[in-house]
Structure formats: C-alpha cells, structure tokens
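Encoded as structure tokens, the structure appears first; notes follow it.
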Amino acid sequence: MKIAVQSEPFDLGAEASAFASGHRDMGAIVTFTGVVRDLARGDLDRMVIEHYPGMTLKALEKIANEARDRWSLGDVLVIHRYGDLAPGEMIMMVATASPHRKDAFEAAEFLMDYLKSRAPFWKKEITSDGADWVAAKDEDEDALNRW
Amino acid sequence: MKIAVQSEPFDLGAEASAFASGHRDMGAIVTFTGVVRDLARGDLDRMVIEHYPGMTLKALEKIANEARDRWSLGDVLVIHRYGDLAPGEMIMMVATASPHRKDAFEAAEFLMDYLKSRAPFWKKEITSDGADWVAAKDEDEDALNRW
Amino acid sequence: MDVLYFAWVRERIGVPKEVVETQAKTVTDLVEELRGREERYAAAFADLSALRVAVDQELTEFDASLEGAREVAFFPPMTGG
Amino acid sequence: MDVLYFAWVRERIGVPKEVVETQAKTVTDLVEELRGREERYAAAFADLSALRVAVDQELTEFDASLEGAREVAFFPPMTGG
C-alpha cells in the first residue's frame, strides 16, 4: 500500500505500471486520476490546493484501510498533491487491485467519495479576476450515503 | 477514441499517460486493466484467447459508441489482446475521460460489463492436466441488466 | 454461405469455417439442417441455450432471418474482458 | 492548546495557527470564547453549519469534548479529490 501527499507532479504511467506489476492473483486493476479542469470561461490561471499536514496522511490511511476492510483488495494506492497546479495537471490518483472487477471498481469509487469530503484538502481557483475557494457540493456529501 | 485488438502486449503506463494527456476539460480519468489470474491450485500454464476477427473490432466500436451516447465522455480507449498469455500478463484495458468522476466510473464499468459478455472473445485455460474453456458466468450476464 | 465456429463449438465440429449450400430461411432452419448431417453437428448443437449466433458479424437470435446473409457464426457465450 | 485554521477560515481570522489558553470543555465552548474575542472571529464562526472541526487531527463534531486535547482545527467542508 502506498499513500503519498506531495507538491511534486506524479507520473500516472509509471505509477500505474508499478502498481499493476507483479500481482499474479489480482485480475482487476482500477485507477482513477483527477485532473485540474479549466473553468467554463477558460480563464483559470491556476488552482491552489491547501491541506492540513498533520492530519492528511492519517486521514488518507484511514480511508484506504476502510476500503481494505470492506472489499477484497490486494493493494491500494493513493497520491494527492497540494500547492499550485495549472489547468491540465494531475491533482491526484487512486488505484485498487482485486481478484474481482466489481471489488476493484467499488473500492476505487469509495476511495474517491471519501477523498472528496473527508480528507483535509481545500481547493482555490485563481483567475485574473481574483481567487475563489471551491465550494463543497451537496452531491459529494450525499455520495457518502451509499457506502 | 482508440480501439485495438492485438496479440502483442500493451504498456499500461504508456497507454494511460497518452490517454490522460492533453485533456484540459476532462477532470476524471478511469482505467480498468484485466490481468490473467493464476488458478486456485497455482498451476495455470497459460491462457489462450480466441476471437472472431471479422466481428471483434466492430463489436468493440459499438460498445464504445454506446458508452459515448450514454455518458458525457471526452474520450474512450479499449485494448484487448488475443493469443497466448501467461499468468500475470495484462489481457485488456479500457479507459474513460469525462468532466465528472461519476460518468468516468460508470462508463468504464459499462464497457467492462459489455466486453465480458458481448465482445467475441473466448478464454481457454491450459494446465499440465489439460485445457478447459472458461465458462460464462450468470453474474456476468446479469450485470448487463443494470444498464 | 460461410459458416464459422469458435471455441468449443469449433473443436467439436472440427473446422473453423466451411461453406454451406442451404435454402434455410432462419438460423434455426440452418441448425436443423446441420444437425441432420453428422453426429458431430448434432453434438455441437444439442443445447442451443448454450450457444450464441452472429449473422454477418452482428449478434442475433436463433429465429433471425438468413435472407441475404453471407456469414453465420456459432459459438458459446463470450468470456472476454 | 494549538488552534489551527484552514482555507477561508484561515484568511478570515488572519493567522494559520495560534496558541489559545482556555478552560473550554467542548468545541462549542471554545467557539463561544473565540467569538467573544474580536469581530474577525465572530465573522469566521458566524455559521457553524459551514464549518468542520478536527480535534487532535481527527474529524469530529462541535459537541466533542476538549479534555486532554492538544490541537483543534477549524475549516470549511473539504474539497479534495
């Protein structure tokens, strides 16, 4: 299991390859990658991600361990960046390995739902007009209810 | 959109990176990779995948286009191998890119469910004791009913 | 008409492909003709619920028409992915 | 006790962290104390439904006890992923 919180970019290809290799008993590998989207007006200068250093890693480990308790998983990967990101840059990724595709998919969705609303990250969008904190969505809180 | 049917191995890392790059408007990238699992007894020598060359690509394109009709997708990738594969080798992958994580996940699961039961591939497991065609599972057919 | 067989259907019938001269109007009619030919066909087509069929490379049902069809394929339920 | 603020709570209060001497028994008691201090605290804590709290780096509720707590953090709903 790898959990990383970092300001540096990560290499999706290298991470996915490393994660997938050497699992003879894991038939299913799912990855999710979050990318900084430009705003509808196309004027996003950058996104700034703040986090709570003392708590972040513990919160991610707790979420990952919860996923391992609920599904049959051979391995879990979570990488989440903080700091300044440009549109198109990758913010974070999760990966799950399971003998069964249903478990791999469900666990990846669970990780994402909990990362969205229970890991201490906050996003701010910077444009030439100013800066706005991204508001949490009700639907993201609601998404937790299915688990 | 890339749809490939090939006997050669593919490079998950390179495919995932190429797929994810250059999507400023796609916030969510999901990949699923299927790996040859060893048998419970640990004696799988190899898996042989047969397909129906005249039909396979058309069937995969139809499934991918159906996914694009149903979900908001910026891009879809499907790679499926045929021929002889050793335990631990990657059989296939799908990838989806969407503005929203729910669409990316659902479309990837849809693609997998349809690939399992509607694309003309057949798996045979070879052990020192002989060869057995993998039987289709009722649960795989049932999985289609949710879409 | 080209008739193709895949997986264990191919193994049971013994050829991957053959040309069949037929007046069969539906897939079911064609299956009846083939069953009457030889034991290996009767064996392969013993239980149609265990088989799938494609006409001109599109999945279809056994009651599908063969009018204008150039290629029919028989195979077990697919196990891709 | 260390009190930490993140995102717009940090911006509104003006510092990321401060040491607070308090006898507050619960998070709500601490919030009441801070509200009484200065306008910027009253503004930041005006609507608790828009805030989340962690005690010793674990998410909790506003009625949580502060007994033995070393670190309390206030922040808006999280927006990771």
Side-chain angles (χ1 to χ4, degrees), chain A residues 10-40 42 44 47 74 86-102 104-113 115-116 123 137 139-140 143 146, chain B residues 10-40 42 44 47 74 86-102 104-113 115-116 123 137 139-140 143 146:
Chain A
F10 60 89
D11 180 336
L12 165 61
E15 296 292 344
S17 282
F19 183 80
S21 66
H23 289 303
R24 267 174 83 99
D25 299 326
M26 296 297 125
I29 313 280
V30 169
T31 72
F32 178 94
T33 309
V35 179
V36 179
R37 283 176 70 190
D38 204 346
L39 298 172
L44 182 67
M47 175 175 276
E89 277 196 78
M90 294 178 193
I91 305 172
M92 49 73 60
M93 75 175 284
V94 302
T96 54
S98 172
H100 309 292
R101 78 181 186 284
K102 189 165 180 292
F105 270 121
E106 283 188 4
E109 291 186 74
F110 170 90
L111 288 171
M112 285 309 304
D113 285 349
L115 274 178
K116 279 268 166 196
K123 290 181 183 138
K137 293 185 191 126
E139 68 192 63
D140 286 333
R146 62 173 162 153
Chain B
F10 60 89
D11 180 335
L12 165 61
E15 296 292 345
S17 281
F19 183 81
S21 66
H23 290 302
R24 267 174 82 100
D25 299 327
M26 296 297 126
I29 313 279
V30 169
T31 72
F32 178 94
T33 308
V35 179
V36 180
R37 283 176 71 190
D38 203 345
L39 298 172
L44 182 67
M47 175 175 276
E89 277 197 79
M90 294 179 193
I91 305 172
M92 49 74 60
M93 74 176 284
V94 302
T96 55
S98 170
H100 309 292
R101 77 180 187 284
K102 189 165 181 292
F105 270 122
E106 283 189 6
E109 291 185 74
F110 171 92
L111 288 170
M112 285 310 304
D113 284 349
L115 274 176
K116 280 267 166 195
K123 290 182 182 136
K137 292 185 192 126
E139 68 192 61
D140 286 333
R146 62 172 163 154

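Reminder, nothing fancy here: chain letters follow the sequence lines and each chain counts from 1.
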Which bit of A:Met90 comes within less than 4.5 Å of chain B, counting heavy atoms only: side chain, backbone, both or neither?
side chain
To the nearest 0.5 Å, what is the distance between CE on A:Met93 and CZ on A:Phe19?
8.0 Å
Within residues 31-39 of chain B, which positions have a heavy-atom distance to chain A below 4.5 Å?
B:Thr31, B:Phe32, B:Thr33, B:Gly34, B:Val35, B:Val36, B:Arg37, B:Asp38
Look at B:Ala14, B:Ala108, B:Ala86 and state which one has the largest set of heavy-atom pairs under 4.5 Å with chain A.
B:Ala108
Name the region of A:Ala40, side chain, backbone, both or neither, that has any atom closer than 4.5 Å to a heavy atom of chain B.
neither
Could you tell me which non-hydrogen atom of A:Ala20 sits nearest to which non-hydrogen atom of B:Leu12, and how far apart they are?
CB-CD2, 3.7 Å
If you tally heavy-atom pairs under 4.5 Å between each of A:Asp25, A:Leu44, A:Thr96 and chain B, the highest tally belongs to A:Asp25
Comparing A:Pro99, A:Pro87, A:Ala104 against chain B, the one with the most heavy-atom pairs below 4.5 Å turns out to be A:Pro99
Less than 4.5 Å apart, any side-chain heavy atom of B:Ser17 and any of A:Asp11?
yes
Proximal component of B:Ala97, with respect to chain A [non-hydrogen, under 4.5 Å]
neither
Please round to the nearest 0.5 Å and tell me the distance separating atom CZ of A:Arg101 and atom CD of A:Glu106.
11.5 Å
Counting only heavy atoms closer than 4.5 Å, note whether B:Asp113 contacts chain A via side chain, backbone, both or neither.
both
So which part of B:Met112 gets closer than 4.5 Å to some heavy atom of chain A, the side chain, the backbone, both or neither?
both
Quick one: what part of B:Lys102 sits under 4.5 Å from any heavy atom of chain A, side chain, backbone, both or neither?
neither
Please round to the nearest 0.5 Å and tell me the distance separating atom CD of A:Glu89 and atom CE of A:Met47.
11.0 Å
Nearest 0.5 Å, please: how far is CZ in B:Arg146 from CZ in B:Phe110?
10.5 Å
